[in-house]
Structures are given as structure tokens and as C-alpha cells.
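Note that the numbering runs from 1 along the sequence shown for the chain. Order of appearance sets the numbers: ligands from 1, and atoms from 1 within every ligand.
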Amino acid sequence: MKIGLCSDHAGVEYKAKLMSYLLGKGYEVVNFGTDSTESCDYCDYAHPLARAVESGECNLGIAICGTGNGMAMTLNKHQGIRAGLAWNTAVGTLVKEHNNANVLVLPARFISYRMAVSIVRAWLTTDFAGGRHQRRIDKIPVK
Ligand code: RB5
């Protein structure tokens with residue numbers, strides 16, 4: 001399982017810690033930046049991560065910015081991406097179970113690092129429920 005991670009300056013600290021956490025759990029990780037706390041544009045990191053998940057280079061992705069919204073908006077412009085914002089463990093579970101998010105988006109300025117880990121764990125260990133949720137997902141793309 002290969003997980004791509006990206007962030008802007010607001011999410012860089014959580015990204016670094018989550019990369020270590022995931023490596024410790026035996027996941028392969030790919031870092032799409034940023035690696036600096038200098039102000040930057042989330043789009044410059046979201047697009048490369050989205051392309052890597054769409055192409056299959058990465059199985060899943062995690063994207064982090066201040067609110068999560070800039071990352072989610074950018075990622076969801078890609079047809080093959082379902083990026084879901086999660087701010088607590090229950091939403092982390094449901095964003096996989098109901099929405100089959102292939103990129104998890106975290107709002108670093110509004111959750112503790114401990115919560116971020118709990119959300120990531122929930123999202124990674126939950127299975128997509130399929131059924132009526134698959135039907136809904138099939139209706140998302142703009143044809
Ligand atoms: C950066 O200040 C902030 O705007 C960004 O991290 C994010 O919240 C945008 O959606």
C-alpha cells in the first residue's frame with residue numbers, strides 16, 4: 001500500500017509526523033511536498049498528488065492545509081479523485097465507508113495532531129460499504 005502525502009505550509013508539520021507514523025506502520029509513503037513552513041500555494045502540491053493517485057502510482061493520498069478546503073477543492077477537480085475532508089474520527093470512518101474517498105483531507109489548523117492520527121487510522125482501516133453508496137458515487141462525475 002503506497003500513500004502519497006502533500007501539504008502547504010499550514011500542514012507541513014502534521015505531514016512530516018504522519019509520514020513517520022505511516023512508515024512505522026509498514027506503509028510506503030511518497031512525499032509530494034511542501035517541506036517548508038514558508039507561505040506557498042496548496043494547488044502546487046495538490047495537483048501532483050492527484051495525478052499520482054489517478055495514475056495508480058499511489059493507492060491513496062493524504063492532503064493537509066489550514067482548513068482543508070483549498071486542498072479539497074483542487075483535488076476534486078480531477079475526475080479520478082474523491083477527496084473528503086474529515087475533522088473527527090467518525091467522519092474519518094464515514095468518508096471511507098460511504099464516500100470511498102481516495103484522498104483524505106485534513107484541516108491542520110482546526111484539529112490536534114492526535115486527532116489527525118485517529119482520523120487517518122479510521123480512514124485506512126475502514127472498508128467501503130458499496131451498495132447504495134456505489135450508486136451515489138457513480139453519479140458524482142460531470143459527464
Ligand atoms: C493558508 O493560509 C490557508 O489559506 C490554507 O492552508 C488553506 O486553509 C486554504 O484552504
Close-contact set for ligand 1 against [X] heavy atoms, below 4.0 Å:
X: A10; answer: 6 (O)
X: G66; answer: 5 (C), 6 (O), 7 (C), 8 (O)
X: G70; answer: 9 (C), 10 (O)

Proximity winner for atom 8 (O) of ligand 1, if only heavy atoms of T67, I64, N69 are counted: T67
Closest protein heavy atom (residue, atom, distance) for atom 6 (O) of ligand 1: D8 OD2, 2.6 Å
Minimum-distance protein heavy atom relative to atom 9 (C) of ligand 1: Y42 CE2, 3.6 Å
Mark yes or no for whether [X], through its side chain, and [Y], through its backbone, hold a donor-acceptor pair below 3.5 Å.
X: W87; Y: G92; value: no
X: N31; Y: G33; value: yes
X: K15; Y: T34; value: yes
X: K96; Y: T126; value: yes

Close approach, H9 and ligand 1, non-hydrogen under 4.0 angstrom: yes
Any N or O of R109 closer than 3.5 Å to N or O of ligand 1: yes
Exercise answer: donor-acceptor pairs, residues 41-50 side-chain atoms, under 3.5 Å, sequence neighbours excluded:
unit_1 : atom_1 : unit_2 : atom_2 : d
H47    : ND1    : H78    : NE2    : 2.8

Minimal non-hydrogen separation, A108 against I64, with atom names: CB-CG2, 3.6 Å
